[in-house]
Amino acid sequence: MRVLDKLDIKSMDKEELADLMRGWDVPAFHATQIFRRLQCGITSFDEMTELSKSLRTKLSETCYIADATVEKKLVSSLDGTVKYLYRMHDGELIESVLMKYHHGYTVCISTQVGCRMGCTFCASGRSGWFRHLTASEMLSQLMTAERDNGIKISNVVMMGMGEPLDNFEQTARFLKLVNDKDGMNIGYRHISLSTSGVVPGIKRLAELNLPITLSVSLHAPNDEIRSRTMPVNKKWPIAELLGACREYQKVTTRRISFEYALIAGVNDSDACAKELAGRLKGLLCHVNLIPANPVAETDFCKPDSAAIHRFEQKLNGLGIHTTVRRTLGADINASCGQLRRKTLQSKEEYHEVVRSDG
Ligand code: SAH
Ligand code: SF4
C-alpha cells in the first residue's frame, strides 16, 4: 500500500526489500539489515545509522514507516490488563489489548478499522467499517505495546476490531512477517486467528497450512438463531461453515476452537447445547464459552453463572471439550470495539493513564 505516494516499507518481506535494493543498485545484504530494524519497531530511518546517509535519504523520500501511537491507555485495576487506543497515520483509531498470563504476554490485535460483518452483539459491528489495516499496522500494535511496557510479547490473538479473513492479503502478510526469524519471531503455534465464518477465507487459510489456531465464532447451534445476530450466516450457513472447518482440519490437523458467546434466553438452553454437540461431533475441537459482554444499545444479557456452568457441563457430558473463558479487563471495556465506540470517558473502575493532546 502507498500512503501520500510513499511505500509501506514495514509491510515488505525480505525478498521484496531485496528487489527494492536491486532496483536502486544497492547491495542486497542491506535488505536483511533494514528488515531487522523495521521489525524491531524502529520508527525513523534516521535511527538506521549503520546505513549510508544517501541510502537513508533515499528511504525516507520514497518510503514511510507505519506506527501506532498511543492515543489513550487504560489499565485494569482488577488484573493489570492494558487496553490501548492507538492512532494511525491517517487519524483513525483502533484498539488493542495487552494481557499477562502465567506463560507470558498476549496481545489482542485489530485487523480493520471497524468491521463490515454487522454482528448485532458486537460494538465493532455496530459502528460500521472504515478501512482495512495493513500488515505493518497490525505489527505496530505489537511493537508499541512492547516498547511501552519494556516486554517481549509471546502470543498474538487476532480478535480485536475487524474480521481478519475479510482482509485476507494483509492478514496473511502479517502472519508471515510476525513469524520471521529476523523479525518478531513469534511462533505460529502462539498465534490465534478468530473469524466470524468467512468460508472462502478459511479455505485460503487452509491452503497456507500454517500451524496457527483457528477460532470460529459460532455462537449458535442452528441457522435460525445464528442468522438473527450474525448476517454472515446468511451468506455462509452453518453446514457450509462446518464443512470448511472439517476441510481445514483435514489439511492442517489442528484442533479448531469454537467461540460461543452465551446470551440469556437466546442460545443458552439445554436443547441448544445438545444441538451444538450433535453438529460438532467428529471434529477435533474445543468450545470456548464466553459470557456475552453487554454492549450499549443492545438489550441482551449474559446468563447467570449457574446457567453458564450447566451449559459447559452439558457439552462436556456430550463429549465436546468445553471451557468457560476467563474474562480479563472486564472493567476497561476490553471487548472488541467497545472502547472506540464509547465516548472515551473514564469510569470509576479504571484509571486513565495517557490521553494525548491530539
Ligand atoms: N471478527 C472476528 C474477530 C474479532 S471479534 C470474529 O468475529 O471472530 C472477537 C470475538 O469477540 C468474536 O468471537 C466475537 O463474536 C466476540 N464478541 C464480539 N462482541 C461480543 C460481545 N458483546 N460479547 C461477547 N463476545 C463478543
Ligand atoms: Fe466483526 Fe467479529 Fe464484531 Fe462480527 S464479532 S462485527 S465479525 S468484529
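Here, residue 1 is the first one in the sequence, and each next residue gets the next number. One-based numbering, in listed order, for ligands and for the atoms of each. For the numbers below, each heavy atom of this structure counts, side chains included, while hydrogens, waters and symmetry mates do not. These numbers come from a predicted model, not from an experiment.
With a cut-off of 2.8 Å, atom 4 (Fe) of ligand 2 has no N, O or S atom of C115 in range. At a cut-off of 2.8 Å, C122 coordinates atom 3 (Fe) of ligand 2 through an N, O or S atom.
For T120, the side chain to side chain contact (heavy atoms under 4.5 Å, CB included) partners at least two apart in sequence or on another chain are R126, T229. Contacts of N233 classified as side chain to side chain donor-acceptor pair (under 3.5 Å), with partners at least two apart in sequence or in another chain: D223, R226, S227.
Between H219 and F121, the distance from one ring center to the other falls under 6.0 angstrom.
By the 30° and 60° cut-offs, the orientation of the rings of H103 relative to Y101 is parallel.
The distance from ligand 1 to the heavy atoms of A292 drops below 4.0 Å at these ligand atoms: 23 (N), 24 (C). The contact set between ligand 1 and T195, taken as ligand atoms under 4.0 Å from a residue heavy atom, comprises 6 (C), 8 (O). Listed by number with element, the atoms of ligand 2 under 4.0 Å from a non-hydrogen atom of G125 are 6 (S). Less than 4.0 angstrom separates some heavy atom of E259 from each of these atoms of ligand 1: 13 (O). Near S196, meaning under 4.0 Å from any of its heavy atoms, are these atoms of ligand 2: 7 (S). The atoms of ligand 1 that sit less than 4.0 Å from any heavy atom of S196 are 6 (C), 7 (O), 8 (O).
The side-chain heavy atoms of L280 and F258, taken from C-beta on, include a pair separated by under 4.5 Å.
Residue-to-ligand polar distances place G162 within reach of ligand 1: an N/O pair is separated by less than 3.5 Å. For the pair M159 and ligand 1, the shortest N or O to N or O distance does not fall below 3.5 Å.
Using a non-hydrogen distance threshold of 4.0 Å, C115 does not register as a contact of ligand 1. Heavy atoms of H219 come nearer than 4.0 angstrom to ligand 1 in at least one pair. For the ligand labelled ligand 2, residue S217 lies outside the 4.0 Å heavy-atom shell.
A donor atom on one side chain and an acceptor atom on the other are not found under 3.5 Å apart for H132 and Q170.
Atoms CZ and CG, from F35 and D182 in turn, are 6.5 Å apart once rounded to the nearest 0.5 Å.
Residue-level proximity to ligand 1 for V216 is absent, since no heavy atom of it falls below 4.0 angstrom.
Of the options H219, R116, Q112, M117, the smallest heavy-atom separation from atom 7 (S) of ligand 2 is shown by M117.
For the pair A292 and K302, the tightest heavy-atom approach, listed with the atom from each and the gap, is O-CB, 3.4 Å. Annotation for H190 and S154: closest pair CB-O, 3.2 Å, computed over non-hydrogen atoms.
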N209/T252 under side-chain hydrogen bond (donor to acceptor under 3.5 Å, both in side chains): CA gap, chis, key distance, verdict: CA-CA 6 Å; N209 196 5; T252 64; 5.2 Å; no
